[in-house]
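Let me begin by presenting the structure, written as structure tokens, before commenting on it.
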Amino acid sequence: MDYFDYKNGELCCEEVPVKDIAAEAGTPVYIYSKATLMRHYSGVVKAFAELDAIICYSIKSCGNLHILKLFAENGGGFDVVSGGELARAQQVGADMKKIVFAGVGKTDNEIREALTAGIGWFNIESEQEFENLSRLAAETKTKTRAALRVNPDVFDPNTHAYTTTGKKETKFGVDIDRAAAFFEKYGHDANVTLDGIHLHIGSPIYSPQPYVDAITKTLGLIEEIRAGGGKVNVLDIGGGFAADYEADKSPSAQAYADAIVPLLKGTGLQIILEPGRHIACNAGILLSQVLYTKRGGDKKFVIVDAAMTDLIRPALYEAEHFIYPAHLDHDEFPPNRRFDFAPANGEQVDIVGGVCETGDILGKSRTLPPMQRGDLLSIFSAGAYGFVMSSQYNARPRAAEVLVDGDSFKIIRRRENYNDVFAAEIF
Ligand SMILES: *Cc1c(COP(=O)(O)O)cnc(C)c1O
């Protein structure tokens, strides 16, 4: 469910026709709907209310400060995976006690920054990392808490290999069969209170079942740790709730909760969730303008001013984003995000960007109404892992970001200019 709809043939974000935004902010431009962000966010909060869970929104999915501030003001915490993301959380005045810090490669500087900031938990991914954290806590005369990221050897076969993280053979976490020994060895550290377990089994996970499997295994582990004299007070079940790139493919927050909450109710564990994509994905589109159309062999191409530098997911994971014109002459409204939808006068095209890479594809073999130079095309479900993964390759300034709230909109990140591209260079 989102607030991007066609009204009188014009794609609108909430009450604002996206063409009005293009006229003011230019293209390519990321457009986010505040109402959609808040709806998805509060959907997760409500679904897991019974557990009194801390919702730590994953900054890496969509990290604009303006958006983070909305969540911080609503009492949310954050999942950070770098010093830079911690700095973002600090910028918006986030409650540091609700920050969890994950990542297999935390540097000494990042750890010192997080210790000094007084974050809630470090999610620890290896024995060496725990020892390093303890050493740095002693050095900075700080105390902290940690959760062990456990790899439960559970995964969703529908998740792309590059975004599966819960299998044994990934770089993330510690194998579940090593976890009890980990607690025995480090559970009584003087500087770091190891009292939590962290899971993040991949993304997106299209059904509640992998969570049920992973949590069930983990509850067994927690009993084993407690029997060995270890403490576990916190269970962070990570992120990975799916979003509808195609309509009605992903469970609602409530559907995940219906399966997960009964397992955790009454355990006394402080539960943490780290949703990202589920909240941000369908709250954003990438709006681009058609530059040219052309033929190549039997193929037709629509070349747009957005490119893999703005949205790399199709090139990186062969991710599929629904793409459709922002203006429709006839009543050819697409059913909300359906890849098999083909308008009567449609033609099959590849939608590509202008970067010097064959892989610079935004949508392959899509049926669109005939496109003209200057037409606006919307790439849907681009709110998560969209702008945050953009680059300046080919010296392309990054796109602007706009937030719509009802009948008004605001540029929340101005379009970069050439100076921004080479500002850090010395010659
Ligand atoms: C990426 C990530 C998330 C968020 O994943 P989504 O699929 O966007 O919900 C949460 N936790 C950790 C540790 C991550 O790396």
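Counting starts at 1 for both ligands and their atoms, following the listed order.
Side-chain polar atoms of Glu274 and His198 form a donor-acceptor pair below 3.5 angstrom. Looking at Ser390 and Asp310, their side chains never bring a donor and an acceptor atom within 3.5 Å of each other. Side chains of Tyr324 and Arg366: a donor-acceptor N/O pair is absent below 3.5 angstrom, by distance only.
Shown are His321, Arg338, Glu320; of these, the side-chain contact (heavy atoms from CB on, under 4.5 Å) with Glu246 is made only by Arg338. Screening Leu194, Asn191, Asp108, Ile124 for a side-chain contact (heavy atoms from CB on, under 4.5 Å) involving Leu133 leaves a single residue, Ile124. None of Ile67, Val404, Leu403 except one satisfies the side-chain contact (heavy atoms from CB on, under 4.5 Å) rule with Lys34; the exception is Leu403.
The shortest separation from a heavy atom of Gly240 to ligand 1 is under 4.0 Å, placing the residue in contact. Ligand 1 is never approached by Phe172 to a heavy-atom distance shorter than 4.0 Å.
For ligand 1, the polar-atom distance check against Ser61 finds no nitrogen or oxygen pair separated by under 3.5 Å. Where the criterion is an N or O separation shorter than 3.5 Å, residue side chain and backbone included, Asp79 meets it with respect to ligand 1. Among the atoms of Pro275, none of the N or O lies under 3.5 angstrom from an N or O of ligand 1.
The backbone and the side chain of Glu274 each have at least one atom closer than 4.0 Å to an atom of ligand 1 (non-hydrogen atoms only). Of the heavy atoms in His198, only side-chain atoms (C-beta onward) come closer than 4.0 Å to ligand 1.
By the 30° and 60° cut-offs, the orientation of the rings of Phe322 relative to Phe339 is perpendicular. Ring geometry for Tyr256 versus His278: interplanar angle over 60°, hence perpendicular rather than tilted (30 to 60°).
The shortest contact between atom 2 (C) of ligand 1 and any protein heavy atom is with Lys60 NZ, 2.3 Å. Nearest protein neighbour of atom 7 (O) of ligand 1, counting heavy atoms only, is Ser203 OG, 2.3 Å.
Against a heavy-atom cut-off of under 4.0 Å, Gly276 is close to the following atoms of ligand 1: 6 (P), 8 (O), 9 (O). Interface of Ser58 with ligand 1, defined as ligand atoms under 4.0 Å from a residue heavy atom, comprises 3 (C), 4 (C). Using a 4.0 Å cut-off to heavy atoms of Tyr385, the atoms of ligand 1 that qualify are 1 (C), 4 (C), 5 (O), 6 (P), 8 (O).
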